[in-house]
Protein chains: 2
Amino acid sequence: MPIKEKSKPAKRDRVTIRTVAAHAGVSVAAVSKVMRNAYGVSENLRAKVTGSIEELGYRPSRTARGLRGRTFTIGLLLVDIRNPFLPEVIDGVNGVLAPSHYQAMIGVGEGRMQLEASLIESMIDYKMDGLILVAPRLPTEIIAEFAAQVPIVAVGYHDPKAKTFDTVNTDDQRGAEIAVEALLKCGYRDIEMLSLGAREGHKVSVVRQREIGYRRAMLCAGLSSSAPISHIPVHSPKREEAMRVFLARSDRPRAVFCWSDLDAITLLSAAADMGVRVPEDLAVVGYDNSTTAALSLVNLASIDQSGRELGEAATRTLLSRIEGRSDPEHLLLMPSLVNRKSLIRSG
Amino acid sequence: MPIKEKSKPAKRDRVTIRTVAAHAGVSVAAVSKVMRNAYGVSENLRAKVTGSIEELGYRPSRTARGLRGRTFTIGLLLVDIRNPFLPEVIDGVNGVLAPSHYQAMIGVGEGRMQLEASLIESMIDYKMDGLILVAPRLPTEIIAEFAAQVPIVAVGYHDPKAKTFDTVNTDDQRGAEIAVEALLKCGYRDIEMLSLGAREGHKVSVVRQREIGYRRAMLCAGLSSSAPISHIPVHSPKREEAMRVFLARSDRPRAVFCWSDLDAITLLSAAADMGVRVPEDLAVVGYDNSTTAALSLVNLASIDQSGRELGEAATRTLLSRIEGRSDPEHLLLMPSLVNRKSLIRSG
DNA sequence: CGTTCTTCGTATAACGTTCTACATTTTTTT
DNA sequence: AAAAAAATGTAGAACGTTATACGAAGAACG
């Protein structure tokens, strides 16, 4: 009585392109052609093959595909997962990808440059067809080096001179201007900016752009002499400590523009603790228009950079690059102000 | 003058295992052996090969690897990206993975079952070595089917009878009990639960477990006759509408336990709008201990299910499964209460 | 001083696709 | 009716690894 030896009976054998070819009674190449919508396929053949594919539930192996052609996967690299505007970006990417047969895989960098680079390498090693990097911390030369190996679009990375990769941004300079203009319109002249710790972020990062916009708006208002910027550490508990120090200052300004809702909301919370009334004692405008800002408990005026639109634009740009475009594209979307209680507007 | 034709001069040729072999003056098999720490490698050989690898910056192709053996990648599937406890889980996973040569790739399902299934299939097609599914909505049979093809750990999916895959959870029943017990201790007897819309979530989902815990705690307190559960729709604007209806009810309870901070915080915001004082008029306990709950503007008491620990445990469980364990494991971690202003405690 | 073990290194067949050449058949043109 | 062109299908060589099977060279043994 011969016993059929099967080491792993659980893992049933994969349906490969060969299985389909045999089932449909055609060649492997024919099945491949149908899969790729290649030229030279009769209606008859297509029907037979798609029938078999359907019946067998065939799914091509991405690893095998990667060895030759496209994987129909794009990599999405996020610096840190906590920034409230990232989910919007993801939605935008998925939205554009949904009708295509592309899919997105996400890597999370946690702000560590080394991990970030190694995730990009992994994505390349996976033969992903293109990469969207959100707010990368890496220097331009390194990104350019990666861009030689795979199409890349950077979001939140203002480098309009980049030749080998594309960028998609909202106009962060203009966004900061809008915030400051709104404060000026409310009659505030004593406006400070709360920015990110000096060591974080390079010249092309969003936070530096927002500083430029802030300064320019102050300059236009004739306040260039007093356009102070405070730098807040990124990590707890120094971050909260810096907020409290700011609030306790005797020369605390009447209004403040925060580079990000994350900081603005922490500031509002600290203000509540210390009995600083918003907006009576201190007007606040944030950036990102996060869902938390919209809570009436928080009620924070904020600059909206539609993350969804950024994600959509980045994806479309990447797909066109994958399709063969070689001259760089640098998109700039327009942000807008969402007015809320933390900023009382006269108009 | 012979001109070397190069169609794509930009994309410099990849350093493959063959490049390394040639550079080190050994065979391809030798390099592979070194890479895999396989038996039969002399110190001399190892030195030569690692030297060349270093010098050339060789990185093995994951696609090629996937065709034969492991890819050293695990897939992390998230139902939706907005739940505030997910970043914690990601941190936990990355933390455990960091010292190993494994990496995580994340897929986001957006709550659509079809997308969720197709992402899992993609991860399998990518030959990922194992999958961590966070709060999957798929029925057990389908997950079991996938588990036949790849090691799977489900987080936030209470199915201790699952034989072919592992589960890691906090004890959601106990968590709900702790919340209700805390409210009881403060003297409240009139306690309602705000749960997820009836159609969302199956019997094994966290939200149903929390309902069970709520009911049991009420029963223990002799309040079984009045343990009402309201179901709140998931999506705006019906969600906010339901909150307002709840707050406006003439028979509104004195205390409420929300299945998730997401809902609890929206409730607090609506309460502020409508002049319902917390906790004087209404005590609230949430679930997840999100960062927003910790803001003093919000100050929401909440059940902490350490997402980080869940992520760590899930990863360790998955790795052991990948290493060959075949009998199922079902971990249960203990949640704890974080007391804040939304719940005044006498003790 | 043959044998038999070890130890070390290599040759090569997979793995599941894509895609270039080609072979065959059908259609169109002259 | 012959020649040319177009349409359809197939064979088979990549792609970059892993892992099995095996050969060669020393070491240990009787």
Side-chain angles (χ1 to χ4, degrees), chain A residues 7-8 11 13-49 52-53 56-73 101 121-122 124-129 149, chain B residues 7-8 11 13-49 52-53 56-73 101 121-122 124-129 149:
Chain A
S7 55
K8 291 168 191 170
K11 316 227 174 195
D13 307 295
R14 198 185 220 287
V15 175
T16 79
I17 199 171
R18 248 171 281 274
T19 324
V20 176
H23 184 273
V26 298
S27 74
V28 168
V31 179
S32 178
K33 269 192 177 179
V34 172
M35 291 299 298
R36 292 174 289 133
N37 288 310
Y39 173 84
V41 178
S42 68
E43 265 321 303
N44 188 311
L45 180 72
R46 176 179 304 281
K48 269 193 298 186
V49 171
S52 293
I53 288 176
L56 297 170
Y58 166 68
R59 298 189 324 260
S61 149
R62 302 222 174 203
T63 37
R65 273 191 158 168
L67 224 39
R68 297 291 279 137
R70 301 208 184 152
T71 54
F72 294 99
T73 306
H101 40 312
E121 287 177 341
S122 267
I124 293 175
D125 296 345
Y126 254 129
K127 277 277 178 93
M128 295 189 177
D129 297 335
Q149 305 173 56
Chain B
S7 55
K8 292 168 192 170
K11 315 226 173 194
D13 307 297
R14 197 182 219 288
V15 174
T16 79
I17 199 170
R18 247 171 283 273
T19 324
V20 176
H23 183 273
V26 299
S27 73
V28 168
V31 179
S32 177
K33 269 192 176 178
V34 172
M35 291 297 300
R36 292 175 290 134
N37 288 310
Y39 173 83
V41 178
S42 67
E43 265 321 303
N44 188 313
L45 180 71
R46 175 179 305 280
K48 270 196 295 187
V49 171
S52 293
I53 288 176
L56 298 170
Y58 166 68
R59 299 189 321 261
S61 150
R62 300 222 176 202
T63 37
R65 272 192 160 167
L67 225 38
R68 298 287 298 162
R70 299 204 185 160
T71 55
F72 294 100
T73 306
H101 39 312
E121 287 178 343
S122 267
I124 293 175
D125 295 345
Y126 254 129
K127 275 279 178 93
M128 294 190 176
D129 296 335
Q149 304 171 58

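Chain naming here is simple, since letters A, B, ... match the order of the sequence lines and numbering starts at 1 in each.
- Here side chain to side chain donor-acceptor pair (under 3.5 Å) pairs that include residues 36-46 of chain B, with residues two or more places apart or in two chains, are B:Ser32-B:Arg36.
- B:Arg18 is linked by a salt bridge (charged side-chain N to carboxylate O under 4.0 Å, His left out) to nothing, counting only residues two or more places apart in sequence or in another chain.
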Report all interatomic pairs (protein N or O, nucleotide N or O of nucleotides 12-19 of chain C) with separations under 3.5 Å.
residue : atom : partner : partner atom : Å
C:dA14  : N3   : B:Arg68 : NE           : 3.4
C:dA14  : N3   : B:Arg68 : NH1          : 3.4
C:dG16  : N2   : A:Ala64 : O            : 3.4
C:dT17  : OP1  : A:Tyr58 : OH           : 3.1
C:dT17  : OP1  : A:Ser61 : N            : 3.3
C:dT17  : OP2  : A:Ile17 : N            : 2.7
C:dT17  : O5'  : A:Tyr58 : OH           : 3.1
C:dT18  : OP1  : A:Arg65 : NE           : 2.9
C:dT18  : OP2  : A:Ser32 : OG           : 2.9
C:dT18  : O2   : A:Arg68 : NE           : 2.9
C:dT18  : O2   : A:Arg68 : NH2          : 3.0
C:dC19  : OP2  : A:Arg36 : NH1          : 3.2

Detail all sub-3.5 Å separations between protein N/O atoms and N/O atoms belonging to nucleotides 23-28 of chain C.
none

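- Rounded to a whole Å, the CG atom of B:Asn44 is 11 Å from the C1' atom of C:dC8.
- Using a 4.5 Å heavy-atom threshold, the side chains of A:Ser61 and B:Asp125 count as separate.
- A search for side-chain contact (heavy atoms from CB on, under 4.5 Å) contacts involving B:Ala29 returns B:Ser27, not counting sequence neighbours.
- Here A:Thr19 contributes atom OG1 and A:Ile53 contributes atom CD1; the two are 11.5 Å apart, rounded to the nearest 0.5 Å.
- Over its length, the helix from C:dC1-D:dG30 to C:dT30-D:dA1 turns its helix axis by 50°, as judged from the five terminal pairs at each end, rounded to 10°.
- In this structure, A:Arg59 and B:Ile124 have side chains that are in contact, with non-hydrogen atoms separated by less than 4.5 Å.
- Taking A:Arg65 as the reference, nothing meets the side chain to side chain donor-acceptor pair (under 3.5 Å) condition, with sequence neighbours excluded.
- Listed here is the closest heavy atom pair of B:Gly66 and B:Thr71: CA-CG2, 3.5 Å.
- Remark: B:Thr73 pairs with A:Tyr126, B:Arg62 by the side chain to side chain donor-acceptor pair (under 3.5 Å) rule, at least two apart or across chains.
- In this structure A:Asp129 satisfies the salt bridge (charged side-chain N to carboxylate O under 4.0 Å, His left out) test with no other residue, sequence neighbours excluded.
- Among the protein residues, B:Tyr39 comes within range of the sugar-phosphate backbone only, with heavy atoms under 4.0 Å from sugar or phosphate atoms but none that close to a base.
- Two residues are said to be in side-chain contact when any heavy atoms from C-beta on lie closer than 4.5 Å; A:Met35 and A:Val49 fail this criterion.
- Listed by chain and residue number, nothing satisfies the ring-ring contact (aromatic ring centres under 6.0 Å, His included) test with B:Tyr58 (two or more places apart in sequence, or in another chain).
- When DNA chain D is scanned in the 5' to 3' direction for atoms under 4.0 Å from non-hydrogen atoms of chain A, the outermost contacting nucleotides are D:dA7 to D:dG16.
- Annotation: the span from B:Met128 atom CE to B:Arg70 atom CZ amounts to 15.5 Å, rounded to 0.5 Å.
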